[in-house]
Amino acid sequence: MSSPHSPAAVSNFIRTIIDGDLASGLHKSIVTRFPPEPNGYLHVGHAKSICLNFGLAQDYQGKCNLRFDDTNPEKESEEYALSIQEDVRWLGFQWDGEVHWASDYFDDLYAFAVELINKGLAYVDDLTPEEMREYRGTLTQAGRNSPYRDRIVSENLDLFARMKAGEYADGAKVLRAKIDMASPNINMRDPAIYRIRRAHHIRTGDKWCIYPMYDYTHCISDALEGITHSICTLEFEDHRPLYDWVLDNLSIACHPRQYEFSRLELHYTITSKRKLLQLVNANLVNGWDDPRMPTISGMRRRGYTPEGIREFSKRIGVSRSGNSVDMAIMEGAIREDLEARAPRVVAVINPLKVTITNFEGASTREADFHPNHPEFGKRFVAISSALVIEADDFAEAPPSGWKRLTLGGEVRLRHSYVMRCDEAVKDENGKVIELRCSIDHATLGKNPEGRKVKGVIHFLSCEHALPAEIRLYDRLFTVAEPDADKEVDFCTYLNPDSLTVVQGWVEAAVQDAAPETHYQFERLGYFCTDRRDHQPGGKLVFNRTVTLKDSWTKEAGSL
RNA sequence: UGGGGAGUCGCCAAGUGGUAAGGCAACGGGUUUUGAUCCCGUCAUUCGUAGGUUCGAUCCCUACCUCCUCAGCCA
C-alpha cells in the first residue's frame with residue numbers, strides 16, 4: 001500500500017510504517033527532521049537523507065525541521081552551519097519554521113539530567129577515560145560497576161551542579177546514565193551523558209562548560225520538537241534502546257520512534273566526512289566544493305542539478321540492506337535532467353586546424369539551441385575558411401565502423417555543409433597538423449544527392465570562436481570502493497587524471513553566460529560555467545559535468 | 001567466539017503464503033545534420049545454502065554460510 005498522497009512514490013519500509021501509523025490513528029500527520037552536526041560540509045549521503053526526510057514531509061503534507069546537533073563545540077563552526085543551510089535550500093527544500101539547534105535545549109537538557117539523578121538513574125563518575133574503558137568490558141565480557149556508581153542522590157545533585165559551575169577540570173568527572181553494566185549492548189553499559197569541556201560554543205559562547213552527549217540529546221530534542229519519525233542510518237540501530245530508555249524515564253509525553261536505513265555507498269567515491277576532510281586538508285582536492293568532491297557544494301559546482309540529485313535519490317530508494325550504488329545511476333539521473341534543460345552549443349577542446357579551400361560563396365544559417373525545444377531559441381552558426389574541429393574526429397587509418405572524417409572521406413559539419421578532406425598536412429614528425437578540405441556548396445540545409453553522408457562532426461570558425469578554459473573531470477578514485485580495504489589507505493587509489501585542464505574554444509553564444517549556466521557541448525557532454533572562476537564576457541571557465549552516453553567509444557574499444 | 005542487522009538480475013529495489021514490479025546498466029532494432037535524445041524489443045522457472053510445514057513458500061519453521069555493525073568523556 002503506497003501513500004495516498006503520492007501514488008507515484010516507490011514503496012519502502014518507512015512509508016509502510018508511516019502509512020500504518022496514519023491508518024491506525026497513532027499520528028494525524030508526520031514530523032521529520034534533518035539533524036546534521038555543523039562540523040563539515042554536506043555530501044551525497046546527506047543528500048539522500050535530506051531527500052528522504054523532507055520528501056516524506058512533502059508527500060504526507062507533514063513538516064520537516066532542520067536541527068543542528070551542536071553538542072560538540074570543539075568541532076563545530078558557523079561556516080559549516082551556514083553552508084549546510086545553503087545546501088539544503090539549493091537542493092530545493094525548506095524546513096519548517098526557524099532553524100532548530102540542540103543548544104536551544106541546553107537548559108531543558110540540564111533539568112532533565114537533574115530529573116534522572118533524582119530518580120536514581122544517573123550518577124557522577126570520577127573514573128578516568130582509561131578506567132572507564134576497562135570497566136566497560138568487551139564485546140564478549142560484561143562490564144563492572146564503577147566504584148562511584150552508588151553515590152547517593154544528594155551527592156550526585158551537588159556534584160553535577162558543581163560540574164556545571166566549573167569547579168572541576170575538563171574530563172575530571174562525567175555524568176552517566178545508570179542502566180546495566182552487563183548489558184550485551186555496550187551502549188547500555190552506563191553511557192556518559194554529560195562531559196566537562198571548556199570550549200567556546202558557536203551559539204552559547206562560554207556559558208556552559210559541560211555539554212550533553214549525542215545519545216542523551218538527540219532523543220530529547222526529537223521529543224521536544226514533536227518529531228514523529230526519527231530517521232537515521234543503520235549504525236545508530238544499537239543506540240535505539242538507549243534512545244527509548246532516556247525518553248521512557250523522563251517526564252516527556254512525546255516519544256518519537258527511531259527508524260534506521262542503510263547509508264549510501266557510491267562507487268568511485270567516498271562518503272565519510274572524516275576522509276573528505278582529509279582530502280581537503282592535504283590539498284589533494286581544491287577545497288570542499290572541488291567539483292570532484294561528492295559534497296553537495298562540489299556536485300553543484302560540477303554542474304549537477306538539484307533536480308538531478310533528487311531524481312538520483314528517488315532511484316536508489318531506501319532500505320536496510322547493504323548497498324553499493326553504481327555511479328551510472330547518478331550519471332543517468334543527471335543526464336536525464338540536463339538533457340531536457342541544457343541548451344546545445346559547440347565547443348572544441350582538442351583542436352585540429354581545417355582550411356576550407358573553396359569557401360567562396362558559402363553562407364551560414366541559424367541553429368536551434370535545443371533540438372526538441374524550439375522555444376529555447378536559435379543562434380547564428382558562424383563559418384569561415386579557417387576552422388577547428390576535434391582532433392579525434394579525423395583518422396588517417398580509421399577503424400571499421402568509423403563515421404567521422406578521413407582522407408578522401410566526407411562528413412557533415414554540424415548545422416552546415418558536407419565537407420570532404422582532400423589533404424592532411426603533417427609536421428616533421430608525421431603528426432597531422434592541418435586538414436585541407438572542400439565543402440559541397442549544395443548541401444547547406446539539405447542532403448547531398450546521390451550519396452549518403454553518415455558522419456556529423458562539430459566545428460568552430462577560428463575568427464568567431466572564443467577561447468575558454470575547460471576543466472575535464474573524471475572519477476576521483478580509480479577503484480569502485482576505495483575505502484573497502486582497511487589495510488590500504490584510500491588515498492593510494494586517488495585518480496591522478498581526475499582533473500585535466502585544457503584551453504579550448506567555444507562559440508560566441510556563450511560569451512555572456514552567468515556562472516552556473518548549463519550547456520551541452522554537442523557530442524562532448526554537459527558543461528557548466530564555474531561558480532567561482534567564470535567571468536561573463538571575460539575569462540570563460542567551463543566544468544565538465546558528465547559526458548554524453550557514447551556507444552562509439554565502447555564499440556571502438558571492443559574492436 | 002557477545003549483541004544488533006542484512007542477503008531478490010551486473011547495480012539499486014518492490015513484493016509477500018497463490019505461483020518474481022520498476023529503475024539504472026547491458027544487448028538487438030528503428031528515427032536522427034549530436035555514434036546524444038527519442039521509440040520498439042530482449043534481459044530472474046527464480047529470491048544466500050540445506051532441510052521442514054503446506055495443495056502451494058522468496059514469504060512460515062530449523063540449521064548453516066556470507067557480509068555489515070557496536071567496546072569515544074564524537075555524532
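It should be emphasised that the depicted structure is a prediction, and the values quoted were computed from it without experimental measurement. Every chain is numbered from 1, with letters handed out A, B, ... down the list of sequences.
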Please check the phosphate of B/rU32 (OP1 and OP2 only) for any side-chain N or O of A/Arg414 closer than 4.0 Å. no

Counting only distance, no hydrogens or angles, is the base of B/rU69 paired donor-acceptor with the side chain of A/Glu237 under 3.5 Å? no

Does A/Glu507 come within less than 4.0 Å of A/Arg344, counting only side-chain N to carboxylate O? no

Does a salt bridge link A/Arg320 with A/Glu260, judged by any charged N lying under 4.0 Å from a carboxylate O? yes

If you check the A/Asn323 side chain, which of B/rA13, B/rA36, B/rU69 turns out closest? B/rA13

Would one find a side-chain N or O of A/Arg320 under 4.0 angstrom from OP1 or OP2 of B/rA6? yes

Could you check whether A/Tyr214 and the base of B/rA75 form a stacked pair, meaning centres closer than 5.5 Å and planes differing by less than 30°? no

Between B/rC24 and A/Arg335, is there an OP1 or OP2 to side-chain N/O distance shorter than 4.0 Å? no

Atom P, compared across B/rU49 and B/rG10: separation rounded to whole Å: 13 Å

Pairing partner of B/rC43, by Watson-Crick or G-U wobble and under 3.5 Å for both distances, is none

Please determine, for B/rA71, whether a Watson-Crick or G-U wobble partner exists with both distances under 3.5 Å, and give it or none. none

Under 4.0 angstrom between A/Lys554 side-chain N/O and B/rG35 OP1 or OP2: no

Quick check on RNA chain B: between A/Asp170 and A/Lys403, whose nearest nucleotide comes earlier from the 5' end? A/Lys403

Kindly say if A/Ser321 contacts the phosphate of B/rC12, meaning a side-chain N or O under 4.0 Å from OP1 or OP2. no

Is it true that A/Arg144 and A/Asp190 make a salt bridge, defined as a side-chain N closer than 4.0 Å to a carboxylate O? no

With a 4.0 Å limit, can you tell me whether A/Arg523 has a side-chain N or O closer than that to the phosphate oxygens OP1/OP2 of B/rG35? yes

Could you check how far NE2 of A/His239 sits from C1' of B/rC74, rounded to whole Å? 10 Å

Establish whether the base of B/rU33 is bridged to the side chain of A/Arg412 by a donor-acceptor pair shorter than 3.5 Å. yes

Does A/Lys549 put a side-chain nitrogen or oxygen below 4.0 Å from OP1 or OP2 of B/rA25? yes

Is it true that A/Lys275 and A/Asp483 have a side-chain N and a carboxylate O under 4.0 angstrom from each other? yes

Is there, by distance only and without an angle test, a donor paired with an acceptor across the side chain of A/Arg404 and the base of B/rG35 below 3.5 Å? yes

OP1 or OP2 of B/rU33 less than 4.0 angstrom from a side-chain nitrogen or oxygen of A/Thr443, does that happen here? no

Is there a Watson-Crick or G-U wobble partner for B/rU16 with both distances under 3.5 Å, and which nucleotide is it? none

Run the salt bridge (charged side-chain N to carboxylate O under 4.0 Å, His left out) test on A/Asp393 and A/Arg523 for me, step by step, so that the C-alpha distance in whole Å, both residues' side-chain angles and the decisive distance to 0.1 Å come before the verdict. CA-CA 11 Å; A/Asp393 284 337; A/Arg523 304 210 305 134; 2.2 Å; yes

If the P atom of B/rC39 is compared with that of B/rC24, how far apart are they to the nearest Å? 10 Å

Toward the 5' end of RNA chain B, which comes first, A/Thr140 or A/Gly317, by nearest nucleotide? A/Thr140

Please find out if less than 6.0 Å separates the ring center of A/Phe106 from that of A/His201. yes

B/rA13 OP1/OP2 closer than 4.0 Å to side-chain N/O of A/Ser319: yes

Identify the heavy atoms of A/Arg136 and A/Met181 that sit nearest to each other, and give their distance. CA-CE, 3.9 Å

Watson-Crick or G-U wobble partner for B/rA50, using a 3.5 Å limit on both distances? B/rU62

Can you identify which nucleotide, out of B/rG7, B/rC73, B/rC12, has its nearest atom closest to the A/Ile329 side chain? B/rC12

Under 4.0 angstrom between A/Arg133 side-chain N/O and B/rG72 OP1 or OP2: yes

Which value, in whole Å, describes the distance between the C1' atoms of nucleotides B/rG28 and B/rC43? 11 Å

For B/rC74, does either OP1 or OP2 sit under 4.0 Å from a side-chain N or O belonging to A/Arg197? yes

Using a distance-only criterion (donor-acceptor N/O pair, under 3.5 Å, no hydrogens), is the base of B/rG35 paired with the side chain of A/Asp550? no

